[in-house]
Number of protein chains: 2
Amino acid sequence: MSLKFAILAALTERSSTGLELARRFDRSIGYFWSASHQQIYRELERLREAGLVSTVSRPGPPERGQPKEFEILPAGTSALMAWTINQDDPAPMREALFVKVRAAAALGNPGVEAAVTHDRQIHAQILSRYEEIDRRDFQDRDLDAQGRMQRLVLQAGIDLERTRIQWCDAVLTELRSQQQPNHEADASST
Amino acid sequence: MSLKFAILAALTERSSTGLELARRFDRSIGYFWSASHQQIYRELERLREAGLVSTVSRPGPPERGQPKEFEILPAGTSALMAWTINQDDPAPMREALFVKVRAAAALGNPGVEAAVTHDRQIHAQILSRYEEIDRRDFQDRDLDAQGRMQRLVLQAGIDLERTRIQWCDAVLTELRSQQQPNHEADASST
DNA sequence: TCTCGCATGTAATGTGTTACATGATTTA
DNA sequence: TAAATCATGTAACACATTACATGCGAGA
């Protein structure tokens with residue numbers, strides 16, 4: 001439902017071909033919306049049919065294998081503008097790692113540590129990438145209103161990653177304390 | 001992919017009928033994995049075919065409209081145990097609100113305030129619910145290892161909601177400062 | 001010419017959402 | 001007995017993921 005608008009937002013900032021869009025989604029746009037190139041091509045075609053974007057005219061006939069540049073049309077800008085103020089309910093939560101930890105708690109399975117450690121590592125990588133973007137694009141600059149808002153969106157990603165990493169650390173601490181229990185508790189198990 | 005295991009985890013904690021499961025997903029399980037009753041029925045049938053769960057025998061023939069209680073089988077426990085230690089990559093981010101704020105930044109549309117305010121309100125509600133569960137089930141209790149892990153999962157939800165709410169506040173502050181700009185900047189706009 | 005990388009796409013499958021259907025039990 | 005509620009489902013659709021297909025241009 002939102003991919004359509006994520007693409008319109010991306011094209012508002014800059015016209016692009018399908019693959020360029022896919023790359024932008026892999027990089028900067030990915031910290032708030034991810035999409036594969038297959039999704040993007042399909043959605044671009046729909047947006048073109050709906051008259052919200054158009055292909056910029058190029059020399060030569062447009063064929064398979066030739067890059068096609070898309071730009072947003074006024075109708076697309078209007079649709080995006082209207083959507084931005086919608087009061088939609090947030091997407092329901094689906095966090096596989098939380099399921100794992102809860103299941104491991106029920107099963108008494110200390111092996112989850114591997115899953116949590118992995119998750120922590122991936123999120124630490126993502127955090128570094130965000131912090132690098134922040135340094136490169138926003139830190140030590142005089143930002144206008146748009147720049148400050150863009151930075152806030154990046155900051156949301158950074159906040160989420162930090163929260164996640166801290167939580168992983170708390171779980172790992174708890175797991176390790178269970179493996180080396182104190183003297184009071186657990187004098188007779190397994 | 002994970003719904004299957006979320007159901008197995010739920011049935012590990014307690015055998016349930018389809019609708020009871022749907023209710024548990026609406027309440028406590030919902031803070032880490034959400035699912036509709038239609039999904040749950042479909043998945044329970046698959047799990048039964050795969051031999052991971054079974055229906056508890058009941059007096060009378062099992063027919064449409066009659067409650068069917070499901071319990072996890074040893075094969076189900078094994079499958080869950082194995083999955084818990086999988087080092088899967090986290091799900092890609094898809095946050096519509098971030099797209100909205102970023103799009104609004106590009107469009108210069110202060111109307112996003114409505115969307116952000118709404119999102120903040122919903123997340124504040126969810127946070128209250130989590131905090132109530134924490135008070136009811138975990139606070140002022142002597143928790144065993146399983147209890148402490150269960151609480152940590154709830155804490156993850158609480159942390160996420162708090163982070164989100166703070167971020168919404170930061171965005172709202174920025175939006176309002178743009179509507180009432182200081183004297184230095186913006187002496188000639190619109 | 002053969003391979004590689006770029007660019008655009010198709011097809012199949014899986015997962016989630018929405019709307020509706022069916023039957024049993026309770027209660028006004 | 002009629003309506004509401006509980007409980008289990010079916011069907012159609014939308015969206016996402018994975019694997020693969022097609023065509024072009026550059027360079028070995």
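Every chain is numbered from 1, with letters handed out A, B, ... down the list of sequences. Owing to the predicted nature of the structure, the values given are computational and were not obtained by experimental measurement.
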According to a strict under-4.0 Å criterion, is [X] in side-chain N/O contact with OP1 or OP2 of [N]?
X	N	result
B:Gln39	C:dT15	no
A:Lys68	C:dG9	yes
B:Arg46	C:dG14	no

Output the rounded distance in Å from [atom1] ([X]) to [atom2] ([N]).
X	N	atom1	atom2	value
B:Leu19	C:dA24	CG	P	17 Å
B:Leu3	D:dC15	CG	P	20 Å
A:Glu45	C:dA11	CD	P	14 Å
B:Phe25	D:dT8	CZ	C1'	17 Å
A:Leu44	C:dT10	CG	P	13 Å
B:Glu43	C:dG14	CD	C1'	10 Å
A:Arg24	C:dA7	CZ	P	15 Å
A:Glu49	C:dG9	CD	C1'	14 Å

Check: Under 30°, 30 to 60°, or over 60°: which ring-plane class applies to B:Phe5 and B:Trp83, parallel, tilted or perpendicular?
Finding: parallel
Return yes if some donor-acceptor pair links the side-chain N/O of [X] with the main-chain N/O of [Y] below 3.5 Å, else return no.
X	Y	result
A:Arg24	A:Arg14	yes
B:Asn86	B:Asp88	no
B:Ser15	B:Leu11	no
A:Gln39	A:Ser36	yes
A:Arg94	B:Trp33	no

Here the residues of residues 82-101 of chain A within 4.0 Å heavy-atom distance, strictly under, of DNA chain C are A:Pro92, A:Arg94
What's the closest nucleotide to the side chain of [X] if the choices are [options]?
X	options	value
A:Tyr41	D:dC6, C:dT8, D:dG9	C:dT8
B:Met1	D:dA7, D:dT17, C:dT15	C:dT15
B:Trp33	D:dG9, C:dG16, D:dT17	C:dG16
B:Arg42	D:dT18, D:dA16, D:dA12	D:dA12
A:Arg23	C:dG16, C:dC6, C:dT8	C:dC6

>> Regarding A:Gln38, tell me which of base, sugar-phosphate or nothing describes its non-hydrogen contacts under 4.0 Å with the strands shown.
In response: base
d(B:Ile158 CD1, B:Ile133 CD1) to nearest 0.5 Å is 8.5 Å
Residue pair A:His37/A:Ser34 against DNA chain D: nearer the 5' end by closest nucleotide is A:Ser34
Applying side chain to side chain contact (heavy atoms under 4.5 Å, CB included) to A:Arg135 and not counting sequence neighbours gives A:Glu131, A:Glu132, A:Gln139
